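Per chain, numbering begins at 1; letters A, B, ... match sequence-line order. Atoms considered below: every heavy atom in the structure, side chains included; atoms not considered: hydrogens, waters and symmetry mates. Predicted model only: the values in this text are computed from it and were never measured.
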Amino acid sequence: MPFTYTPSAADWGRVAPELVIAGGGLLLLVADLLLPSARKGWLAWLSLAVLLGGFAATITLFVVGDSSEAFAGMVTDDWLALVGNLIILSAGFLAVLLSPGYIERQEVTQRGEYYALLLFAVSGMLLLVSATNFMTIFLGVEILSLALYILSAFIAGRSKSQEAGMKYFLLSSFASGFLLYGMALIYGSTGTTGLSKMNTFLTAHAPKLTQGVFGNDFGPMLVVGLGLLAVGFAFKVSAIPFHAWTPDVYEGAPTSITAFMSAGTKAAAFIALARTFMVALHPVGTSWSGIFWAIAIVTMVGGNILAATQTNVKRMLAYSSIAHAGYILVGVVLNNSVGLASVLFYLGAYTFMNIGAFAVVLALERSAGQGTELSDYAGLSKRQPVLAGVMALFLLALAGFPGTAGFPAKWYVFYGAITSGHLELAIIGLLASVLGFFYYLRVIWAMYFTEGREPGSARSGTMATEVRERELAAAGSVSSSRRSGRSAQTATSKTTPARKAQQGEKGATLRLPVGAWLALVLCALVTIGLGIYPSGLIELARHAATLLP
Amino acid sequence: MIHFPLLSVIIFLPLVAGALVLVLPRGWAKPWALFWAIIDVVLAIILTASFDVNANRLQFVESIPNWIPGFGVGYSVGVDGISIFLVGLTTLISAVAIGASLWSINTRVKEYLALMLLLEAGVLGVFLATNLFLFYVFWEVMLIPAYFLIGTWGGPRRVYAAIKFVLYTAAGSLLMLVGIITLGVLHQFHGGPHGTFTLDLVQLAQTPLSNTEQIWLFLAFFAAFAVKVGLVPLHSWLPDAYTEAPTPVTIMLSGVMTKTAAYGFLRFCIGLFPGATHTLVPLMEILAVVSILYGAVLALVQSDFKRLIAYSSISHLGVVMLGLFALNTQGIEGGVLQMVNHGITITALFLIAGYMELRTGTRKIEDFGGQALRWPALAIVFLIAALSSLGLPGLNSFAGEFVTLLGVFRANVVYGVLGTLVVIPAAWYLLRFFQGIMQGPAPERGPVVAAERKGVAKDLDLNELAVLLPLLVLIFVIGLAPGQFTSAMDRSVHALPGVQQTQAPPALAHEPSRDNSRIRPAPLQQQVNQPYVLVFNRGV
Amino acid sequence: MHITGTTIAFLVLAVTATFSGLGVILFRNAVYSALSLILNLFSLALFFLVLNSLFLAVVQVLIYTGAIMVLFLFVVTMLAPDPSDTTEQRDPIRWQKGAAAGLGVILAGGVSYLLFITTLSPAAKASAEDSLSRMIDKVGSIQAFGLALFHGFLFPFEVTSVLLVVGLIGALVLGRRASRD
Amino acid sequence: MPPDQPTGYLIVSAVLFTIGVMGVLTRRNPLIQFMSIELMLNAVNLSFITFAHYLDSVDGWIFTFLVLTVAAAEVVVGLAIIVSIFRSRHNIDVDELNSMKG
Amino acid sequence: MQVFDLTWLVLLLPLLGFLIVGSLRLSGWYTNNEMITWIGCGAIALAFIFALISYLTLVNSATQASDSVFWRWVQSGSLHITFGLRLDALSGVMLLVVTGVGLLIHIYSAGYMHDDPGYWRYYSFLNFFIFAMVLLVSADNFLFLLVGWALVGLASYLLIGFWYQRPSAANAAKKAFVVNVIGDFGLMLAIFLLFIKFGTLAYGGSSGVSGILFTDAGGTAAAPAAFALNDPMIIAITLLIFVGCVAKSAQLPLHVWLPDAMEGPTPVSALIHAATMVTAGVYLVARTSNLFNQAPASLWVVAGIGGATALFAATIGLVQNDIKRILAYSTISQLGYMFLAEGVGNYAAGIFHLTTHAYFKALLFMCAGAVIHALGGEQDIRKMGGLRQKLPWTYWLFLVGGLAIAGIVPLSGFWSKDGILSTLLALGIAPGGNLWYLVLYGVGLLTALLTGFYIFRLIFVVFHGAYRGGEPVPQPEGQVDTRARQRRRGDPLARVHEAPWIMLVPMLILAFLSVVGGAYGTPWADVLGQFLAPVLGSSFSLEQFIPQGGWLWVSFGVGVAAGLLGILGAWWMYVRRVPSLKPMKNPLYQLFLHKYWVDELYDWVLVKPIVGTGRLANRVVEGSLLDGGGRGLAWLVGKTSVGFRAVQSGYVRNYALIFLVGAVLILLYYIARP
C-alpha cells in the first residue's frame, strides 16, 4: 500500500488536534510579528485560545471520531490517543496559564517564540500519542524534544537554563539514537514500522519466541530491538537508570517549562510507550515485561531514595517525577487493559497534581532561579497561607493520600498489579511511597512547622540554623524581587487573593497574575475532584484501554 | 427507600463545619467549632437512641453503589452494635477536645479547628464505613490532620514526633492497602468466572479463602492496625506523638484514633479472616501481653507525665487486644467496652495533664509536689481519672477490664493471668503519678513555684471542669451499669465469625433451665426470700 | 565463501567506515574529527549505493556531507581558536573512559553476537504489492521513493515541516540572543 | 556470513553505533559528542537501508530520509545551543556544565 | 417474722454522708466542723440503727437470708451479674461490727481530729470507708464483693495518705494500695475461675455458688456429688481467694503494708487497720467456707499462714518502739489467729475473734491515740513513760484492752482466743487427730505468751516509770515538728491532760464490750456460733471444736497461764528492772527489730529489678533499639540517597555512562536469558 495509498479528507480530520495546535503555533509567530510590544501580553491568551481549539477538536473527535488509523497506519484517533490529547492539552493549557508573569519575571523577551514553541511541543506530543508508526513516533519525539531543548535553554541570562538545554539536548539526542536503533531492529525483525502490522506479524509468529531467544530466525534481533526501544522510551519517561538528565533539566529549565515537561512529555512518552509495547508488541510481552519490571522497581525505589535528601524543591519534584514514572511503569509491566487504563488514569491525575506543585514553585521563584530551596519555603504557611495550602494539597496528592487524585491513581496501578499477579510490585511500590511521604512531608514541614522570617524563633536544631543562613543569603535578592513585583503588577491588577494573603506579612512582595491563580485553582480543583470522584476519568481510561484484552 | 442519611450527616458534618470555619471571622471560630461538635454528639445520641439492639445486621445503611464503578467500589456506611458506641465516643471526645482547645490553643485557631474537625470526620468515617475502599480513605484522612496538628501546635520535638508518626502509620497502612486490594482480587478470583472485584464488607465476608491467604491478608491488615494501636514493638511513635502533641490533639490520638485500630482488628482481621485469626491468636495474645507488661513497666519509670500516660495507654490497649483475640463473647464485648472506657479515661487523664502543663509549663513529675493543697478540685478529678485508669472496681475501666479478662481467662488461662497482672503495675505507676503531683512536700523552687508566684497556677476553673464533667459522669455511669453497653453489642458480636458462643460451664450442662434469655434483671427491690439451701453435716 | 564484487566492496567500505568512525572520536582536533566524520558519511553513502538506494546515497552526500558537516566545521572553527580538546585540564572523572570502553566492548560484542545469530524472517519480507524491488523495476528507484513519500508516507513527510520550523525558530531564538549578547 | 543475509551490514552498523556511543561517553567537547551522535544516527540509517534492501520494503528508505531531516533540524538547534553557551561562557567543555548535580 | 431488710439504707447513708460532706466543702459553703461532725456521725449512727433493726429481725426470723437485687450490672453472653445486697447471719454480724465500731470511732474522731484543717476531708473519707465496707460485707455476689474490697482499699489509701504532704504517709498509702491490688489480682483470678467452674458469681440461692455446691444431684453436704474433695479447680479458687485475704488482712508475706499504714490518723488505724477492713479477709474465708471445705488442702494453707503470721508478727511486736506499730504488728498477729481458726474449719471462732478483736484493738488504738494526742503527736515509746498519773482514764482503759488481748479470763479476748486454742487442742487430741493441729496449738500458745509480753511492755513503758521525753508542743498529729519541741526545766508534762469526753466515751463503750463481749461465744453458750452456723459450713460440728472432758479446762489454764507469763516477763523486764530501751546486739533482737528484713527483701527482689528493668528498657529498648533503629533506618536511607546522588555527578558524559550501564544490563539480560 505504501505506493498507492491516497490520503483522504477523513485522514486529515483524524489529526485535527495536531493540525489546530501546529497551525496555532504558526499563527502565533505571525501574531508576534504583528503585535506591538505593549500588546505582547495577548500572545498568552492567543495560545490559550489555540489550546482550547485543540480541546474542541479532541472532543469533537471523541464524538464523531471513528477510532481508526489514518494515513496508511501512521496515526490514529482512537480513545487512547484522545485521552492522551486531553492530558497533554491540559498540561499545555496550564503551562501557558502559568507563563505570563513568570517569564516576565525571568526577563524573557521573545514571548512570541516562547508560546509558539510551547504549542509546537504540544503538537509533537499530540502526534506522539496518536502515532501508530515508528516514523510518526520518532517524529513526535523529535518535535517535542527539539522544542523543549530550546525552551529549556530559553532564559538567556541564566547559565543553569543554558546548561539544562545543553544537557537535555545532548542526552536526548543520544537516547534518540538508541530509540531509533531499536526501531530499526524491530523493523528488521518484523518487516514493518507500522504498529498494527507489527502486531499482526507478531501475533502470527511470536509463539516461536516463547521457545527462547535462540533457535529461531528473528528472535535475537527482535529482543535487541525491544531492549533498545525500551531504553529509548525509558529515557523519555525518565526511568532509572536513564533518568540522569531529569533533575538537572527540570531544575535548570524555566519552571513553567519544567511543569509542562514533567507532565506533558511524561504523558506523551508513556502513552507512546504503552501503545508500542502494550498494544503493538503485546504478543511478545514476555520478552519485554521483565525489563520494565526491573526498571519499574529500580525507578520506584531509586527515585524516592534520591529525592529523600534533596533540599531544592524543584529538584526534589524532579526526582519525585522519576519515582512516579516508576509507579506508572508498573501499569506497563502488566501488559493488559487494566494496566493500560491505570497508566492513563495515573497520567491524568499526575498532570494536575504535579503541575500544581510546580506552579507553587514557580510562584515562589524569584529571578535568577532563586527561591526554590527548602529554606525558602520555611514559614510559608504564615506568609502565603493559600499558596502553602494548595502546595500541601499537591504534595499530599503526590504522596497518594486519599481525597486527592494521587490516591485513586496509586490504587488503580496497584490494583492492576495485584489483579495481574504482580503482588511484589504493589508491595515494593507502596513501601517505596513511604519514602515518598518523607520528602513530601518535609516540604510541608518547612512550610508549616518552621518559622521562616524571625530568626531565633525556629526551634529545631540544624534546620533552623540553615534556614537563618539562607535567609541572610536571600537578603541580597530583595531588589530583584521588588522588580518582579512591579512587573507582575503590570500584568494584571486582579490579584485579590494574593493581596489578601500579602496583608499578613511585612516584607515579602509576591503577587501572582490571575493566570497563575487560575492554574493553581484548576489544578487544586481537579486534584480534589479526581480524589473524590475519579469515575469519569476512570471510565475514559477503561474505554481507551479496550484496545487490549 | 429514602431515609434521612443520618450516618453521612454525622460523618460529614464536622468536615463541612471544618471547611466553613476557615472563612469565619477569627473570633467566631471556636464557638462555631464547638457548636457543631456538640451537634454531632447530639446526632450520635439520636443514633444510639434509635438503634435497634435486637438486630444483628447493619443498621442505618446508606449506599451509593456506583461511586467508582471502575474500581468496583461504592459508598456505603452502616452501623452495628460494635461501632455505635465508638461513634458516640468519637463525637464526645472530639467535642471535649475542641472544648479543651478553647483556652489552650491561641495561634492559627481557624486552621487548627478545621483540622480537628477533619480528624473527627476521618475517625467517624473509619467506624462507619462498610466498604474497605471507603474505610481506607477515611483511615488515611485521619493521618493528615493529625500530622499537621502535631507538627504545628506541638511541643519542642513536635516535628520529629509528627514525622515519626506519619512514617510509622503510613508504612503500616500501605501494607494494609495491599491487603485490601488483594482481598478484593481474591474475592473476584474465588467467585469463579462471574466473580467481581468488590470491597463491600458484607460480600467480602463470604469470600472463601485458604488459610495461607488468610494469614497473609491478616498480617497485611495487622501492619496497619498494630502500628496505630501501639502494639509493642511497633509503638515507638506513640510516646513521642502523645507527648509532643498539644493536649487536645493527644486526646484525639489516644482517645479515638487508637480505637480505630482496635476496631479494625475486630471488624477486619477477626471479621474477615477467621481462619487466620484462629491460627494467629497466640501471636496476637503474646504481643498483647507483652504490650501490657512492657507498657506498664515503662510507665513506671517515666518522669514526663504525658509520656507516662502514653505508656499506660499502650498497656491498657494491650488489654483491649487481649480481649478481642480471646474470641469469645466476653472478651470481645469487654474489649469494645474497654475501648470506650479507655477513650474516656485517657481523655480525662490527658486533659488533666494538659491543665497542669498549661499552668506550670512543665511535665516533669519531680517538679511538682503537694499540689492537692492548692488544687483540691483538680486533685479530686485527677484521682478519679487515675482510679478509673487503674481499674478501680466500681468505675468504668474495671467493668471493661473485668469482662474482657474474664473472656481471656476463659479462652486461655495463661494469657488471662498475665493480662490480669496489669492491675498491679497500673496501680503502682498511676499512684506514683498522683503522689508525685498532688502529694508529698511542695517544691521549694522550680517552674511550679514560679507559676504560683505569677498567679497562673490556679485550681480548676468552671470551664475546665465543664469540659471534664461529661467524662467524669461517664466514668461512673459505665462503672455502675456497663450492662447497657455489652448487651447492645451482643447480637453484633455473635454475628462475627469464629467467635465462641458462650456455653454453660460443664457442671451445669445438664440444667437446661439456665438459659441466658431467661435471666432478666430483677425489678428493683425485689425480695428474694427463698429458704437457704445450705445443709450442714452438723445435724447429720 | 563466495567472493564477489559486492563482498569486496562491503569489506573495503566496512573498514573505511569503522576507521573513519574511530577517527571521529579519537582525533584530538575537532576539525580532524569532523573531517573523519565526513569520510565516514561518505562511506555510508557508498554502502547505500551498494544496497540499491540511489536516492538516499545522493541525499546523504548532499545533506550530510554538503550541508550539515559544513555547518559543523564552521562552528568548530568559530568556537575554538585552538580547536583541540581541552586536554590541559585534568579529567574530573578519570574512570569514565575505562568504564566506557568496557561497556562499549560489551555493547558492540553483545549486539553483534545477537545480530550474528539472527536470520531475517522470510515472513517479514514485503508482500508482492508492497515490494520495493518490484516497484523499482517498474518505475525506477527514485520514482519509487517519490511514490512512497507522497502516498503511504505523506503524513510523516508533512510532519517534518513542523520539525524544521521548530529548528528554525530555535536557531532564531538562540542565535538572536547570542548576537545580542 | 550466510548468503543473502544482511549480517555484515548489521554488524558494521552496530560497531559504528557503538563508536558513536563511545564518542558521547568519552569526549568532553560537545561538538565532538554531537558528531558522535550523528554517527549513531547514521549507523542506524545503515541498518534501515540494509533492512529495506533485504526485506524489500520501502519503510526503511523513508525512515532514513526522515532521520536525515531530523538530523538536520537537530544540528541547527544543537549548534545554536552550543554557540549560545559559548557566547556566554567562552568555553564549551561540557565538564564545565555541572553546576547542577546531586 | 419477716426480715426487715434495710441493708440498702445501711449502704446508702454513709455514701450520702460522704457525698454531702465532700460537696459541702467543694461547693464552698462549708462553714464549721460541727455540721460536718453531725452529718458524718449522724449518717453512721442511722446506719448502725438500721443495721441493728435488720439484724434483730433476721435473728428473730425463720428466714436465713434476705437478698435484694437492684439492677443488672452486666450481661455479656452467659455472664450475668446483678447488683444485690444480701443479709444473712454473717453479713449481719459484720454490719453491726462495722457500723458499730465505726460509729464509735466517728465520735472519737470528732475530738481527735478537731484541729485538723482537713477535717471535712477526714469525715468524708471515713464515711466513704463505711460505705465501702458495708458494700463488701453485704454484697450478694463475688463481683460486688470485689468492688467493696477495692473500695475499702481506696478508702484506706486515702486515709493512710491523709496527711499527704508527708512523704512517708504518701508512700505508705501507695504501698498499701499496691499490695492490696496484688490481693485484688488474686481475687479477680479466683472470680474468673469461679465463673468458669460455676457459671455464676452469686453466693447463695439455688443458682449461687453455694447452691450449686450443695444441691447438685440432690447431694448433701457430706457428699456433694459434682465436686470431689480437693478438686484442683476448687483448690485453685480457694488459694486465689486466700491471696486476696492475705493481702487485705496483712498476712505473710503481704503484711508489709500494715505497719506503714500507721502513718494515717490514729482513729483510722483503729477503725480500718484494726477493727474492720483488715478483717475483711477473715470475713471472706468465712463467706466462702463452703468452697474451702471442698478443698482441705487450701485450708491447711490458711491455717499454716495464719499460724506463722501470728507468731511472726508477735515476735516483731516484741521489740518495736513506735506505739502504733506495736499495735499494728499485734493486729497482724491476731489476724493470724483468726485465719488459724478458719484454717482448721472453725470459721465461727474466727468470726468470734474478729468481733472481740474489733473491740479491744479499737480500744487499744484509741488509747494510743489519746496518748499521742496528749503528747502532741509523739509516737516513740522511748520518749514516754509515767503517764499513768497524767492520763489515768487512758491508762485504765488501756489496761482493760491489754488484758483482753492477753487473753486473761474473763475478758472477751480470753473467750475468743481460747476458743481458737481449744479448737486446735480438741482436734489434735481427737482420735485420729492430726499432729499438725498440736503444732499449731503450740504456735498459738507461744503467740499468746508473746502477746502478753509485748502488750504489757507497751503499757509498762508508756505508763509506768519516769517520763523520758521533752515537753510536748500541742499540735495536730499530722504536723509533727520535732524541732519545735524544746526541753525545759521543770515538769515537762505540766500541760499534758486527759483526752476530752468525746474521745473517752467511745473508749469506755469499747472497754465495756471488751470486758463482756465474750459472753456470746463461750463453749457452753455459743450463741454466735449457732447463729452463724447456717452460713458457715464446716466439715466438723461445733461440738467437735470443744475438747472433751477435762481438756477444756486444761486448755483454759494453759492459755491464761501463757498470757500471764508474758505479762510477768514484761513486768520483770520493764518495771522490776530499769527498762532498757537501747538496741541490743542480740541477732534475734536485730532480726525482730528489722522485721526480718522483709521490706528490704521486697525492695531487692521485686521493686528494684522491676524499676531497673523499666529504666533499662526506657534507655536501651525505647531509646537505642526502637527509636535508634528508626533513626538508623532514616540515616541509612539518607546515606543511600547521598551515595546515589554522588553518581548524579552533573557531567553529561557521566550521565550517558549511567544510561549505557542500563542499556548494557538489558542487553546482558537478553543474552543470558535462557
Side-chain angles (χ1 to χ4, degrees), chain A residues 163 166-171 173-175 177-178 181-182 212-214 219-232 234-235 239-249 286-288 290-292 294-295 298 301-310 315 318-319 434-435 438-439, chain E residues 76 167 170 608-674:
Chain A
E163 184 181 331
M166 180 78 169
K167 281 180 171 169
Y168 191 24
F169 164 68
L170 281 175
L171 289 166
S173 312
F174 183 65
F178 280 82
Y181 198 20
V213 172
F214 310 118
M221 187 155 80
L222 179 70
V223 294
V224 178
L226 288 178
L228 291 169
L229 198 65
V231 167
F235 175 88
I240 294 177
F242 315 104
H243 67 288
W245 61 281
T246 316
D248 291 5
V249 174
T286 47
S287 299
W288 55 259
I291 295 177
F292 283 116
I295 292 179
V298 173
V301 176
N304 281 314
I305 285 182
L306 278 164
T309 50
Q310 296 296 331
R315 210 171 163 78
Y319 280 113
V434 177
L435 279 174
F438 178 72
Y439 57 84
Chain E
S76 170
K608 284 216 167 77
I610 290 175
V611 173
T613 310
R615 296 233 162 87
L616 194 71
N618 199 30
R619 208 173 54 242
V620 177
V621 181
E622 292 294 288
S624 312
L625 215 66
L626 295 175
D627 198 38
R631 282 172 190 269
L633 204 63
W635 178 85
L636 199 69
V637 170
K639 281 288 157 192
T640 318
S641 177
V642 169
F644 281 7
R645 283 173 61 184
V647 178
Q648 190 84 11
S649 59
Y651 299 113
V652 170
R653 48 200 181 104
N654 208 214
Y655 290 180
L657 183 75
I658 301 168
F659 184 105
L660 190 62
V661 169
V664 164
L665 283 177
I666 291 175
L667 186 70
L668 290 177
Y669 162 74
Y670 279 127
I671 293 174
R673 210 174 66 138

Inset, instruction - Would you indicate whether E/Lys639, at its atom NZ, is surrounded by more than 12 heavy atoms from other residues, nucleotides or ligands within a distance under 6.0 Å? - result: no

Inset, instruction - Locate the shortest heavy-atom distance separating A/Gly290 from E/Tyr669; write the atom from each residue and the value. - result: CA-OH, 4.0 Å

Legend entry - Interface moiety of E/Val661 toward chain A, non-hydrogen atoms closer than 4.5 Å: neither

Legend entry - Atom group of E/Ile658 that falls short of 4.5 Å from chain A, counting heavy atoms: both

Inset, instruction - Could you tell me which portion of A/Leu228 (side chain, backbone, both or neither) has an atom closer than 4.5 angstrom to a non-hydrogen atom of chain E? - result: neither

Inset, instruction - Determine, using ring centers only, whether E/Tyr655 and A/Phe174 are less than 6.0 Å apart. - result: no

Inset, instruction - Identify which part of A/Ala230 has an atom lying under 4.5 Å from any heavy atom of chain E, answering side chain, backbone, both or neither. - result: neither

Legend entry - Spacing of E/Ile666 atom CD1 and A/Phe178 atom CZ [to the nearest 0.5 Å]: 10.0 Å

Inset, instruction - Over all heavy atoms of both residues, which pair between A/Pro241 and E/Gly662 is shortest? Give the atoms and the distance, please. - result: CG-CA, 3.5 Å

Legend entry - Straight-line distance of A/Gln310 CD to E/Gln648 CD, nearest 0.5 Å: 8.5 Å

Inset, instruction - Test side chain to side chain contact (heavy atoms under 4.5 Å, CB included) on E/Phe644 and A/Ile305 and set out the steps. - result: CA-CA 8 Å; E/Phe644 281 7; A/Ile305 285 182; 4.2 Å; yes

Inset, instruction - Go through the atoms of E/Leu660 and report whether side chain, backbone, both or neither lie under 4.5 Å from a heavy atom of chain A. - result: side chain

Legend entry - Minimum side-chain heavy-atom gap E/Tyr670-A/Leu226 below 4.5 Å: yes

Legend entry - Leading residue by heavy atom contact count with chain E [cutoff under 4.5 Å; candidates A/Thr309, A/Val231, A/Leu306]: A/Thr309

